[in-house]
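Remarks on the structure that follows.
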Amino acid sequence: MPSELDKSRLAVADEVKFDTFATIPELCDHAKQYKAISRDFASDTVTAPTKEMYTYALQASLADDVYFEPTANSLEKHIAKLTGKEAAVFMPSGTMSNQISLRTHLMQPPYSVFCDYRSHINRYETGGTAFHSGAHTVAVIPSNGNYLTLHDVKQFIIQGSDIHLAPTHVIALENTLGGAIFPQEEIIKISEFAHKEGIMMHLDGARLWHVAAETGTSMKELCDPFDSVSLCFSKGLGAPVGSCIVGTKDFIARARWFRKLFGGGMRQIGVLAGCAAYALNHNFPQLPRVHDLARRLEAGLRELGVRILGANTCMVFFDPTPLGIEYDEISERAAKLPEPVTIVSSRLVVHIQTEDQAVDDFLALVKTIVEEKKVAVFVTSSPPQGESSATKKIYCEAV
Ligand SMILES: Cc1ncc(COP(=O)(O)O)c(C=O)c1O
């Protein structure tokens, strides 16, 4: 006979249980999701793990990473070796990697972080540099319009003992930034100067993989000028979660401490490290195809007369307004295609799961809209002979 306690336990177990998949079956249709992802230009963060990635990752060890996780540890060792640094630590996100890197470099205010005004650290980390590190951010517009130079650094870093000012302790660069590759010669010049002045160099290398894949430069060479680098597995490389910080042994030991303090100590992450390793093996080699496809997208838009604001590695920034076309019109029409295409802004991101057909369909849609605009300016006088009054208001080149 079940006791009263047994009955209560069964009742509680009944309350607790939950079949998540049954509640949203249509949203778990993977074939449909992979299709949507292959036609989504919003970001490379939309890439999804594949069965092959998960199958590989399931071989991972099952230990608790707050103590010691062998698969995560072997990935960290590989990334440290690849980047020519002494050590690495796996992180849950690129934002945490950047913020913990800064926090680890910065000891006692007053101090400031120097960066590009467009950088992720400045714009998209919720003001984390001030919150976590108590640091002022000096966000600079590159004088050449493209990338920060040593000249910009010398002009805007803060040095000296003026008590009104917060001295620059870290220069944080980003490569790629908006898909653009930062010239390595300039990075080296900035780094040599910074180190002479006792300033630390951090790199947000969320998409540094693209630089290595595009230029054939080794990850070590790209990371050499920096004291710390954050590398993401969950963007261009298509893993579901994860980043790594690399640096000296002491730096990484301190970063681990801060990771725990930030609540980022993780447990059975072998499977995540396994996904990241799969991404290095199978997805990194796909990046040149991604860049070629982005170039095709750019060329197609140019051919249609669309203004290109910037196009590098996996990203194309476009402006259709000179053709009398608004972004919203394109995104709304793209969403209504028989096989919808997702665009959310002037930034189009091509990723390892983008299908060629998505680029063709998007270009075909833009072509259709451009052609519609050409006949959309209404002419109220001199309609072509023989036209009925109902069709008088047509036929004029808008562009
Ligand atoms: C350049 C760059 N750095 C850092 C991040 C932050 O990464 P996460 O979204 O994993 O926090 C992003 C996110 O897209 C990014 O584009």
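Atoms within each ligand, like the ligands themselves, are counted from 1 in listed order. Index from 1, following the sequence.
- N122 approaches C115 most closely through the heavy-atom pair CB-SG, 3.8 Å.
- Looking at R295 and D292, a side-chain N of the basic residue comes within less than 4.0 Å of a carboxylate O on the acidic one, giving a salt bridge.
- Take K7 and apply the salt bridge (charged side-chain N to carboxylate O under 4.0 Å, His left out) test, not counting sequence neighbours, and it matches E4.
- For R333, the salt bridge (charged side-chain N to carboxylate O under 4.0 Å, His left out) partners two or more places apart in sequence, or in a different chain, are E372.
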Enumerate, one pair per line, all nitrogen or oxygen atoms of ligand 1 lying under 3.5 Å from a protein nitrogen or oxygen, stating the separation to 0.1 Å; write 'none' if no such pair exists.
residue	atom	partner	partner atom	Å
ligand 1	3 (N)	D204	OD1	3.2
ligand 1	3 (N)	D204	OD2	2.6
ligand 1	7 (O)	K235	NZ	2.9
ligand 1	10 (O)	G94	N	2.8
ligand 1	10 (O)	K235	NZ	3.0
ligand 1	11 (O)	G94	N	3.4
ligand 1	11 (O)	T95	N	2.8
ligand 1	11 (O)	T95	OG1	2.6
ligand 1	16 (O)	R207	NH1	2.8

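- The two residues L280 and P285 come nearest to each other via the heavy atoms O-CD, 3.9 Å.
- With sequence neighbours left out, R256 forms a salt bridge (charged side-chain N to carboxylate O under 4.0 Å, His left out) with E76.
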